[in-house]
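For reference, the structure discussed in these notes is given below.
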Number of protein chains: 2
Amino acid sequence: MAGTKALTPAVLHILLALSAQERHGYGIMKQVESDSQGKVRMGPGTLYGSIRRMTEAGLIRESDRKIDPHLDDERRVYYGITARGQQALATELRRYRQVVAVAHERSLLPEGA
Amino acid sequence: MAGTKALTPAVLHILLALSAQERHGYGIMKQVESDSQGKVRMGPGTLYGSIRRMTEAGLIRESDRKIDPHLDDERRVYYGITARGQQALATELRRYRQVVAVAHERSLLPEGA
DNA sequence: CGAAACTATGTCCGCGACGGATATATGTCA
DNA sequence: TGACATATATCCGTCGCGGACATAGTTTCG
């Protein structure tokens with residue numbers, strides 16, 4: 001698709017997961033699952049591949065967060081959303097909202113469920 | 001991504017365009033553009049490739065609609081959404097709505113714009 | 001204690017969607 | 001007649017997806 005380069009679903013979900021706070025890879029995976037009520041599950045291939053591409057694109061950055069090793073698994077690598085990432089997220093969310101709005105107009109979304 | 005095989009953005013937009021009425025390829029292209037306020041533009045590669053895959057998957061079907069050739073371009077091939085297509089669309093729309101809801105909770109979507 | 005399950009990060013690679021370029025031809029309008 | 005929009009269709013390079021696999025520390029519980 002064209003336009004202003006739409007974000008892939010994987011990228012959108014990761015940005016959404018990082019919008020509230022910094023998280024490490026595995027934490028992102030779990031947050032995506034909870035944000036989507038368990039409907040979206042992200043495997044390691046998608047997760048770490050996306051993280052690499054997003055870091056290269058400047059949407060997220062590795063955090064220098066260092067918590068007391070006794071209280072936090074040392075293997076963890078934390079990531080945070082950048083200003084550019086926030087902007088990309090906002091743009092994509094507007095696109096999502098537009099789709100939902102059109103769906104509403106056509107009565108494609110029953111109130112409940 | 002996993003879950004119940006998420007629809008690609010292209011497929012979602014095409015289903016949305018066909019949700020109101022049957023349309024031919026080029027008409028779908030224009031409707032997608034208008035539904036998205038010009039933000040999503042679908043090239044012929046994506047359009048006809050998606051139409052083929054969606055027909056094979058039973059999400060849409062070629063319509064037998066035959067309008068008076070004098071009043072309608074004979075080259076046109078009309079497509080309609082199937083019951084399966086409607087179901088897939090509804091499922092995906094719920095996923096979209098969920099994303100928008102989460103975004104709202106985190107105040108990521110200013111009222112206007 | 002020991003086994004199992006969970007946490008955590010990462011690579012590899014085949015599959016398939018995307019989407020621009022290209023081709024062809026008709027319709028419309030000035 | 002020339003230009004542009006309509007309309008369908010194929011080709012193919014690029015790239016994201018995502019399961020499988022690898023590795024290893026941590027927690028839990030009988």
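All chains are named by letter (A, B, ...) in the order of the sequence lines, taking the proteins before the strands, and each is independently numbered beginning at 1.
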Whether [X] contacts [N] is assessed here as follows: a side-chain N or O lying under 4.0 Å from the phosphate OP1 or OP2. Is that the case?
X: B:Y26; N: D:dT8; answer: no
X: B:S50; N: C:dA17; answer: no
X: B:T46; N: C:dA17; answer: no
X: A:R53; N: D:dC17; answer: yes

Hey, which sits more toward the 5' end of DNA chain D by its nearest nucleotide, B:R52 or B:K30?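 Residue closer to the 5' terminus by nearest nucleotide: B:K30.
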
B:T82 side chain to B:G58 backbone, donor-acceptor under 3.5 Å: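 Pair found, side chain donor or acceptor close to backbone of B:G58.
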
Is A:R106 reaching over with its side chain to a backbone N or O of B:L16, donor-acceptor style, under 3.5 angstrom?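 Yes; judged by distance alone, with no hydrogens or angles, the pair exists.
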
Report the residues that fulfil salt bridge (charged side-chain N to carboxylate O under 4.0 Å, His left out) with B:R61, sequence neighbours left out, ordered by chain and then residue number.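 B:R61: salt bridge (charged side-chain N to carboxylate O under 4.0 Å, His left out) contacts with B:E22.
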
Mind calculating the distance between [atom1] ([X]) and [atom2] ([N]) to the nearest angstrom?
X: B:H24; N: D:dA9; atom1: NE2; atom2: C1'; answer: 15 Å
X: A:Q31; N: C:dT7; atom1: CD; atom2: P; answer: 14 Å
X: A:M42; N: D:dG16; atom1: CE; atom2: P; answer: 14 Å
X: A:L12; N: D:dG16; atom1: CG; atom2: C1'; answer: 15 Å
X: A:L7; N: D:dC17; atom1: CG; atom2: C1'; answer: 16 Å
X: B:H13; N: C:dC18; atom1: NE2; atom2: P; answer: 10 Å
X: A:I28; N: C:dA8; atom1: CD1; atom2: C1'; answer: 12 Å
X: B:E62; N: D:dA9; atom1: CD; atom2: C1'; answer: 13 Å

Tell me, please, which residues at least two apart from [X] pass side-chain contact (heavy atoms from CB on, under 4.5 Å).
X: B:S34; result: B:Q31
X: A:A101; result: none
X: A:A90; result: A:R94
X: A:Y96; result: A:L12, A:E92, B:Y96, B:V99, B:V100

Which one, C:dT9, D:dA9, D:dG16, comes nearest to the side chain of A:Y48?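 From the listed options, C:dT9 comes nearest.
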
I'd like a table of atom pairs between the protein and nucleotides 20-24 of chain D - only N or O on both sides, under 3.5 Å - with the distance next to each one.
residue : atom : partner : partner atom : Å
D:dA24  : N3   : A:R75   : NH1          : 3.4

